[in-house]
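The following block contains the structure, expressed as structure tokens.
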Protein chains: 2
Amino acid sequence: MVTAKTELFEKELQEAALLFKALSHPARLAIIKHLAETKTCISGNISDELPLSRTTVNQHLAELKKVGLIQGEIEGTRVNYCLNIENINALHKLTYFFFKEVQARDKKHCK
Amino acid sequence: MVTAKTELFEKELQEAALLFKALSHPARLAIIKHLAETKTCISGNISDELPLSRTTVNQHLAELKKVGLIQGEIEGTRVNYCLNIENINALHKLTYFFFKEVQARDKKHCK
DNA sequence: AATAATTAACGTAAAAATACGTCAATAAAA
DNA sequence: TTTTATTGACGTATTTTTACGTTAATTATT
């Protein structure tokens, strides 16, 4: 039988993997970039910029929200999505130190 | 019909997404860390350290190799895997500048 | 109060990822 | 040369992701 084995790894790696997964689709990277450019915007507008249906874009937005990289503020019928800068910063640091650690330990480089 | 739409995005985003995808599973992060610690090692040894079968670990190794984050050097019956430091560095820079750009553009922060 | 706009929830189909066993090939060791 | 060790290729089952249409709910607008 095939069962998910991700939870058998260190918590730290699991969480990092979840964040990287959130960045593993070009649509979600495009959303992040777009939100960075335009302060706020509703999901309908975002789907106008992307080659995907509104439904699918909404799904990607929900995924980004789930891991805390963006936040949505309800305003009437609309939802203003924007980056969660604190968490973006945290991820920036996480990736920075992950690579830093990997590189430091690999001093004893293989040829 | 459901077709892959990833190729409808900018090349840059596509490539970044592929690299992040390679990092989106704790097993692959564990492999990278392990390779960083122990210079080289064969895939059999790596699977001893991970809660996964040798076959599955091999699959993850192949994926990391496909995106160039690791390289395998055949040595007799064994394969010595090690990090591809150049590409790890490149990815480090890519993530660094991706986040830097996102943050710069988000100066006009939404509260 | 009725209509329009917008979004999340739900359902679903296809594709991709995950996990693993088995087998064949290759090289080393006996 | 036979046996052992090790790995990649292949097949396959299950789960997850991706993509989208439809519907229901909620808020504005008329």
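Reminder, nothing fancy here: chain letters follow the sequence lines and each chain counts from 1.
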Gap between atoms CG and C1', on A:N45 and C:dA5 respectively (whole Å):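 Spelled out: CG on A:N45 to C1' on C:dA5 is 12 Å.
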
Interatomic distance where CD belongs to A:Q71 and P belongs to C:dT7 [whole Å]: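 So the two atoms are 17 Å apart, to the nearest Å.
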
Whole angstrom value for the distance that separates C1' of C:dA8 from CD of A:E63: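 About 15 Å, once rounded to whole Å.
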
Residue closer to the 5' end of DNA chain D, A:T55 versus B:C41 (nearest nucleotide):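 With B:C41 and A:T55 compared, the 5'-side residue is B:C41.
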
Phosphate OP1/OP2 of C:dA16 contacted by B:K21 side-chain N/O (<4.0 Å):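 No, because none of the side-chain N or O atoms of B:K21 sits under 4.0 Å from OP1 or OP2 of C:dA16.
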
Any donor-acceptor pair under 3.5 Å from B:R28 side chain to B:A22 backbone: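 A pair under 3.5 Å: yes.
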
Spatial distance of atom NE2 (B:H25) from atom CG (A:L18) [nearest 0.5 Å]: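 B:H25 atom NE2 to A:L18 atom CG measures 10.5 Å (nearest 0.5 Å).
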
Side chain B:R54 and base D:dG8 donor-acceptor under 3.5 Å: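 Flag set: donor-acceptor pair detected.
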
Toward the 5' end of DNA chain C, by each residue's nearest nucleotide, B:K66 or B:L52: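 Comparing both residues, the 5'-ward one is B:K66.
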
Closest nucleotide among C:dA8, C:dT26, D:dG8 to the B:Y81 side chain: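 Among C:dA8, C:dT26, D:dG8, the one nearest the side chain of B:Y81 is D:dG8.
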
Sugar-phosphate, base or nothing in reach of B:I74, heavy atoms under 4.0 Å: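 No contact at all - B:I74 keeps every heavy atom at 4.0 Å or more from the nucleic acid.
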
First of B:T77 and B:P51 reached from the 5' end of DNA chain C, by closest nucleotide: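 The 5'-side residue here is B:P51.
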
A:N58 side chain near C:dA8 phosphate (N/O to OP1/OP2, under 4.0 Å):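 Affirmative; the distance criterion is met.
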
Along DNA chain D (nearest heavy atom to each residue), the more 5'-positioned of A:S24 and B:S43: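 This one resolves to B:S43.
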
Which nucleotide in C:dT7, C:dT18, D:dT7 has an atom nearest any side-chain atom of B:R28: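 Looking only at heavy atoms from C-beta outward on B:R28, the closest nucleotide is C:dT18.
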
NZ/NE/NH1/NH2 to OD/OE distance under 4.0 Å, B:E12 and A:K33: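 Counted as a salt bridge, because a side-chain N and a carboxylate O are separated by less than 4.0 Å.
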
Atom-pair distance (CG on A:D48; C1' on C:dT7), nearest Å: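 Rounded to the whole Å, the gap is 14 Å.
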
B:H60 vs C:dA17: side-chain N/O to OP1/OP2 distance below 4.0 Å: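 Answer is no, no contact under 4.0 Å.
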
Any donor-acceptor N or O pair under 3.5 Å, side chains B:E73, B:N80: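 Judged by distance alone, the side chains do not pair up.
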
Under the ring pair (Phe, Tyr, Trp, His ring centres under 6.0 Å) test, residues paired with A:F99 that sit two or more places apart: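 By the ring pair (Phe, Tyr, Trp, His ring centres under 6.0 Å) rule, A:F99 matches B:H92.
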
For atom CD1 of A:I42 and atom P of C:dT6, their distance in whole Å: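 Nearest whole value for this atom pair: 6 Å.
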
Atom-to-atom span, CZ of B:F20 to C1' of D:dT17 - whole angstrom: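 Nearest whole value for this atom pair: 19 Å.
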
Phosphate OP1/OP2 of D:dC20 contacted by A:T56 side-chain N/O (<4.0 Å):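 Indeed, a polar side-chain atom of A:T56 lies that close.
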
Euclidean distance, atom CD of residue B:E73 to atom P of C:dA27 [Å, nearest integer]: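 Value for this atom pair: 15 Å.
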
Touch class at under 4.0 angstrom, heavy-atom based, for A:Q59 against every strand present: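 Base: the residue A:Q59, judged by heavy atoms under 4.0 Å, touches a nucleobase.
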
Whole-Å gap separating P (C:dC20) and CG (B:L61):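 From B:L61 CG to C:dC20 P: 14 Å.
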
ILVMFWY cluster, A:L94 and A:I70 together (side-chain gap under 4.5 Å):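 Yes, same cluster.
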
A:H25 vs D:dA19: side-chain N/O to OP1/OP2 distance below 4.0 Å: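 Yes, such a contact exists.
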
